[in-house]
Structures are given as structure tokens and as C-alpha cells.
Amino acid sequence: MRVALLAVAALLLVSCAGPTVTADQYRAKVAQTAKAMNSIVVTAQHAARLDLDGKMLHTVTDTVVSDAEQDADSVQTTIESRQPPDDESDQLRQQVEQPLQQAASLLTDLRIAVRDNDHGKQRATADALAEPLAAFEQLSGVAG
Amino acid sequence: MKGVLKLTLGVMTAVGGFVDIGDLVTTSLTGARFGMTLAWAVVLATAMMVLYGEMAGRVTAVSKRAMFDVVRERLGVRFAMINLASNALLSLLTLAAEIGGVALVLQLVSGIHYLIWVPVVGLLVWLVIWRLPFQALETVFGLLGLCLLVFAVALVLLPADWGALWHDMTHPSVPDGEATPTWLFYAISLIGACLVPYQVIFFSSGGREENWSVRDMKEARINTLVGFPLGMVLSLSIMAAMVPMLRPDSVDVRHLGQVALPVAQVLGVTGLIFAFLGFFACVFAAATESALSVGYSVAQYFGWTWGKRHRPADAPRFHVVCLASVIAATGFILTTVDPITVTIVTVVLGAAAIPLTYLPLLVVANDREYMGKYVNKRWQNALATTALLVMLVVSVATLPLMFATKAGQ
């Protein structure tokens, strides 16, 4: 009985890591992740800047930025659950991980700045998103 | 003025049917991703809707009976039951998506989480069905829905490349970097979003609510010829407004807040207020239409007294079905299922089930026993049969394309 329970637990743990993919498929997933993050970050940037220009309802900016933050978390969790099939893929994972974490953190900062009505921090954070954005633009072409 | 007000049934059906939460999301998503290369799908679906909408109005006016009533009698209890089950299920799913959609609009405006709004919206939908006269329902939401014309204004003010927009519309092709199956999947989604089954049921039953007869056929025709193309103009305006602002950055539209960004860019807060009023009116109208459609179809199938023209005490079973559908849809959205996902699934399932609604209508419109001299003319049958073939292709291709493209990824 104990062996059976252990086997089930092991199976559940393995299934949490997501299916194994080939190197090509992994590259495609990284490119897809970069494209998705690009879209999420650009949306949040647009909303934050329109808000600073007085063109947005504050509640709308809050919702759009919060949605972007949640979407970024979801994208990050999805790619992290994928097992890189070889060393080259693992290097690619490390390349995408850094801008992913930076973007997720900046989106959290942006949401806090929007809710605090801190225009200075909101502007600075929206501008800082340009850095991970450049990385995502580059990574979205890795699938060839 | 009276004539303008009479048009509101068509306008309301159009704004509530075309520009519901499904259409808002699908047209925005396709505009931001594919530009205007899929505008043809909206134009084609509108042409089919005008053709079959006119038929539904004519059948109602001549037979003085609503669609399900006639379909059950003409095609038999069993076929009509399949028709009823698929339409009622789709209308219920649509109702759930619309209730979630109205709650999302209210979240954007108030900052309060949409799940808190869901029961409030459910209650409002039921109150409107219970208390608001049919004429008031049409007029209020039909006219408020026109606030969405703010997207057309925004489009004029945005730095759009009109030549490129027109070229994409008139020379549709798969954009670079996109796969053909994905492009086709979104074409089918757009057709599904425009040809939602509850539209025909609502239009036909609404005609009975207004007591249409042969004398009113002209009004019914104008409703379809003005209302549905107006819905198309609104849809295309929303689609085109996404192109100059969101397409250059390949923004993937997945939230209602993103849809409003082009309006905010050029018209600021005032434009946003118009956009949200329009969103609210269209999505709320679609919620009442889909809830009423469940009540209409079930009551007509079983031969119960139905309609808002009767006092609730005189049509209790109809009102109970409407109430039960609102409660079920509200409960479904309260499970925290994403309303946008429900919307996309409903649009795709709707595309697969299109012929089930439109084939019986074509059969009845050709039956001299019901229609007398008002049966379809040859040219109408030629167009309607071609349209039905297109619907069949759409229906057959929907699910394979959905699986092949992982729902358009």
C-alpha cells in the first residue's frame, strides 16, 4: 500500500514538471514566451503612460496593469515548468529567466506605483520596462 | 421619430448580437494580430445574417408564429428537440459569458473585482427581463450601444495608414509569420461571433412581441438591412482601431481593458466613458437577449404562453425558465472560470452548431403552407443555399482547426 502511495506521489511530482520536449520545441516555447511577455509589457507600458498623460481612468489603469502582472506570473510559471532537454536549451532558459523575473518584478512595482498614485515611480518603472522588452524582442526570434 | 424608434429592434439585435463580449474580444484580438486581413469574415457573416434575419422576420410576420413554434411543427418533435438542446446550451453559455463581461466592464470602471459584480449583474438582468417593457429594453440598449461609434471616431483620429487598412481588407492574405490554420481558425471564430444562434431566436420572438404581421414586413426588412450592417460597422471600427496602436507591438488582446486603449490614446477619459457605456449597453443587451432566448425557445417548443407582452403571472413557466437560466449562468461564472475563456469557447462551439439554427429556417421559409406567396424567391434560395454551404464548411472545420492550432495560439 505504501509503495503504491509513493508511486502515485512520484507520478504527480513528475507530471507537475510538464512534458519533456525536444530542443526545437523548447526553442519554440521560449520564442512564444518572449512574444507573450512582449505583448504583456507593452500593454502595461501603454496604460501607465496614458494614465500619466491624464488620458485614462485610474481604475482602468489599475486593472490593466494588474492583469499584466498576473499574466506575466502565469507565463513565467509555464516556461519554468518545462524541462530543458539539453545543455543548449538550459542556456536558453537562463537567458529568458533573467528578463522574465525583471519584467515580473517591474510590473509589481508598477502596480504598486499606480495604486499609490506615485507618478514619479510610475514613470520610472514604465521606462525601466524597456530593458526586459528589448530582451524579449531579441528572444522572440530564437525559433528561427 | 416614430420610424427611427421602430428601427431599434434591429439595432438592438445587431449591437447585442454582433457586438457582444465575444465579438469585442474576437474582433480586437484579430485586429491587433492580423490587421484587417480578416475583415472579409465579418462582412461575409453580416451578409449571411442579413439574409437569414430577413427570412426570420418574414416567417414571423407571415405565419404570426415564432421560430421554434414553427420548426417543431414543420420538422417534428425530435429534430426540434436537438435544435432546442443545442440552442439552449449555447445561449446559456453565452449568457454566462455576457454576465461575466458586464462584470468585467464594471470592474474596469469601479476598480471592484468582477466576481463581486457577477451576482449584482445577474440580479439586474433578471430585473430587466421581469420589469422592463420590451420597447424600453430595445430603445435604451439599442441607442446606448451606439456609443461604440466612439471607436470609429478614434480610428479617424489615430495615425492610421488608410491605404494599408484598405489593402488588407480588399486583398486578404495570411500575414507574414502567421500560420494559415491559425488565420482560418480566427476567421471561423469571427463568423461564429457574428452568427450567434440566439440572435435569430431573439429577432423572431421580438417580432412576435411587437405583433408583426404582413404589414410590418417592410419594417422587419429595414431592421435587418440597417441593424445588422450597423453592427458590422461597429465591429470593423473596433477591429481597425486596434491596428495602428496595438499591431505594431504584436499585442495579444486577452482583456477588455486592452480593447479600450486606442480610444484612450486619442480621446482620453471622455472617449473612455463613451466606450465603456457602449461596452455596458452591448454586453448587457446581449445578456438579456440570450436569457430571453432560452426562455423563448423552451416555451415555444413546449407550447407555453411566453413573452414580455404578457404579465409574468400569465406566462409563469416562461419567466421561470428565464430566471433559472440567469441563476445557472451566474453560478457558472461565480466558479471563477475566466469569462473571456467562456466567451471564446462559446464562439467556437457556436460556429460548429450554426447550421442547426439556420437550416430549419430555410426549410420553413420555403413552405407555402406557412408562407403562402411570401416563400423565398429563387435568388434568395440560391444565396441562402450558398450561405448554408459556407456554414457547413465552417461547422465541419471548426473543431479540427481548434485542435490543430491549440485554439489559435
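Hydrogens, waters and symmetry mates play no part in the numbers below; they use all other heavy atoms, side chains included. Computed from a prediction, not measured in an experiment: that's the story for all the values here.
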S.K.: How would you list, by chain and number, every residue that makes a salt bridge (Lys or Arg N to Asp or Glu O under 4.0 Å) with Asp90(A), sequence neighbours excluded?
M.R.: Arg93(A)
S.K.: Using non-hydrogen atoms only, which part of Val42(A) is less than 4.5 Å away from chain B: side chain, backbone, both, or neither?
M.R.: side chain
S.K.: Of the backbone (N, CA, C, O) and the side chain (C-beta and beyond), which part of Leu272(B) lies under 4.5 Å from a heavy atom of chain A, both, or neither?
M.R.: side chain
S.K.: Side chain, backbone, both or neither: which part of Leu57(A) has an atom under 4.5 Å from a heavy atom of chain B?
M.R.: both
S.K.: Could you please state which residues from residues 249-259 of chain B sit under 4.5 angstrom from chain A, measuring non-hydrogen atom to non-hydrogen atom, sorted by number, or 'none'?
M.R.: Asp249(B), Ser250(B), Val251(B), Asp252(B), His255(B), Gly257(B), Gln258(B)
S.K.: Heavy-atom count check: over 12 atoms from other residues, nucleotides or ligands less than 6.0 Å from Phe274(B) CZ?
M.R.: no
S.K.: Is the number of heavy atoms from other residues, nucleotides or ligands under 6.0 Å of Asp87(A) CG greater than 12?
M.R.: no
S.K.: Please indicate whether Gln101(A) has more than 12 foreign heavy atoms, meaning atoms of other residues, nucleotides or ligands, lying under 6.0 Å from its CD.
M.R.: yes
S.K.: Strictly by salt bridge (charged side-chain N to carboxylate O under 4.0 Å, His left out), give each pair with a member in residues 66-76 of chain A just once, sequence neighbours left out.
M.R.: Glu69(A)-Arg111(A)
S.K.: Let me know if Gln32(A) has heavy atoms under 4.5 Å from chain B in its side chain, its backbone, both or neither.
M.R.: side chain
S.K.: Atom CZ of residue position Arg49(A) - does it have more than 12 heavy atoms of other residues, nucleotides or ligands inside 6.0 Å?
M.R.: yes
S.K.: Chain A contacts: which residues in residues 99-112 of chain B have a non-hydrogen atom closer than 4.5 Å to it?
M.R.: Gln107(B), Leu108(B), Val109(B), Ser110(B), Gly111(B)
S.K.: Give a yes or no answer on whether the side chain of Lys55(A) reaches the backbone of Gln265(B) with a donor-acceptor pair at less than 3.5 Å.
M.R.: yes
S.K.: Just wondering, are more than 12 heavy atoms of other shown residues or ligands nearer than 6.0 Å to CD in Gln138(A)?
M.R.: no
S.K.: Heavy-atom count around Glu97(A) CD within 6.0 Å, excluding the residue itself: above 12?
M.R.: yes
